[in-house]
*Asks:* 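Mind having a look at this structure? Questions to follow.
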Amino acid sequence: MAARLGEDGNRQALAHFVTSSPWSPAQVRARLAWRMHEAIAPTALIVDDTGFLKDGDASACVSRQYTGTAGKVTNCQVGVSVHLARDHASTPVNWRLFLPRSWDPTSSQADPSRWTAASGAVFPPAWATWRSGSSRWT
């Protein structure tokens, strides 16, 4: 979207629009999935993880964990994505940050300083993450 705005585009207005939109992200993703299902007629569902390397550990869901991006255990966030695919096309239709046990307030391994220091942030069950040790999306 930003590329379509060109050099004279109001990128700040676009950022405000994207971050302050009143619609539900779950509904937008569901609509995207249905639309892409019709467009590419997928023959496969791909679940993939991607590591986002981090120097520190202050960002949400950062912990020392293995990531194929670095090929080793390091500080990173791990994103999990679901893609619809076929031989000529693929598209991501859902994605979440993996929630390590050290960030999960319901885990006995949680480090309370991580999630209480985040300006009193609250992590409700529908925080839209995949929890460590869980086989379901929440």
Side-chain angles (χ1 to χ4, degrees):
M1 289 192 303
R4 286 188 170 189
L5 290 175
E7 292 297 318
D8 297 333
N10 188 341
R11 294 172 192 260
Q12 184 175 0
L14 175 62
H16 177 72
F17 171 75
V18 170
T19 59
S20 303
S21 298
W23 54 67
S24 162
Q27 291 175 352
V28 171
R29 289 179 184 177
R31 189 168 180 184
L32 170 67
W34 281 111
R35 198 160 189 195
M36 291 298 96
H37 187 273
E38 292 171 1
I40 68 171
T43 55
L45 185 66
I46 300 169
V47 178
D48 189 27
D49 64 289
T50 301
F52 305 103
L53 304 179
K54 298 291 183 175
D55 290 329
D57 61 356
S59 298
C61 300
V62 171
S63 70
R64 288 194 53 77
Q65 53 195 328
Y66 177 81
T67 175
T69 303
K72 63 182 181 178
V73 174
T74 187
N75 274 355
C76 65
Q77 293 171 313
V78 175
V80 181
S81 58
V82 178
H83 302 252
L84 299 178
R86 66 172 302 118
D87 57 352
H88 69 278
S90 70
T91 184
V93 292
N94 208 344
W95 49 92
R96 301 279 192 268
L97 279 179
F98 174 76
L99 183 63
R101 291 183 196 271
S102 63
W103 276 88
D104 183 352
T106 64
S107 170
S108 61
Q109 298 174 9
D111 178 358
S113 66
R114 290 186 188 267
W115 39 271
T116 55
S119 302
V122 176
F123 295 89
W127 190 55
T129 55
W130 183 51
R131 294 174 186 229
S132 176
S134 171
S135 61
R136 65 184 183 93
W137 293 79
T138 59

*Asks:* Kindly give the heavy-atom pair with the smallest separation between V62 and G56, and that separation in Å.
*Replies:* CG1-O, 3.3 Å
*Asks:* Any link between L32 and V47 through a network of hydrophobic side chains (Ile, Leu, Val, Met, Phe, Trp, Tyr) touching at under 4.5 Å?
*Replies:* yes
*Asks:* Write down the atom of C61, the atom of L99, and the distance for their closest heavy-atom approach.
*Replies:* SG-CD1, 3.7 Å
*Asks:* Without swapping roles, check the side chain of S21 against the backbone of W23 for a donor-acceptor pair under 3.5 Å.
*Replies:* no
*Asks:* Quick one: list whatever passes side-chain contact (heavy atoms from CB on, under 4.5 Å) with A15, sequence neighbours left out.
*Replies:* none
*Asks:* Identify whether V80 and W95 are in the same connected component of the hydrophobic contact network (ILVMFWY, side-chain heavy atoms under 4.5 Å).
*Replies:* yes
*Asks:* What's the shortest heavy-atom distance between K72 and Y66, and which atoms?
*Replies:* N-CE1, 3.4 Å
*Asks:* At their closest point, which heavy atom of D104 faces which heavy atom of A110, and how far apart are they?
*Replies:* O-CB, 3.0 Å
*Asks:* Considering only heavy atoms from C-beta outward, does the side chain of L45 approach that of L84 to under 4.5 Å?
*Replies:* yes
*Asks:* Minimum heavy-atom separation for A60 to L97, with atom names?
*Replies:* O-CD1, 4.3 Å
*Asks:* Looking at CE of M36 and CD of E38, how far apart are the two atoms once the value is rounded to the nearest 0.5 Å?
*Replies:* 9.0 Å
*Asks:* Does atom CZ of R35 have more than 12 heavy-atom neighbours from other groups under 6.0 Å away?
*Replies:* no
*Asks:* If you round to the nearest 0.5 Å, how far is CZ of R64 from OG1 of T74?
*Replies:* 5.5 Å
*Asks:* Is it true that atom CG of D87 has more than 12 heavy atoms of other residues, nucleotides or ligands lying nearer than 6.0 Å?
*Replies:* yes
*Asks:* With rounding to the nearest 0.5 angstrom, report the CD to OG distance, Q77 to S63.
*Replies:* 9.5 Å
*Asks:* Between Q65 and C76, which heavy-atom pair has the shortest distance, and what is it?
*Replies:* NE2-O, 3.0 Å
*Asks:* Could you grab the distance from atom OG1 of T67 to atom CZ of F52, nearest 0.5 Å is fine?
*Replies:* 9.0 Å
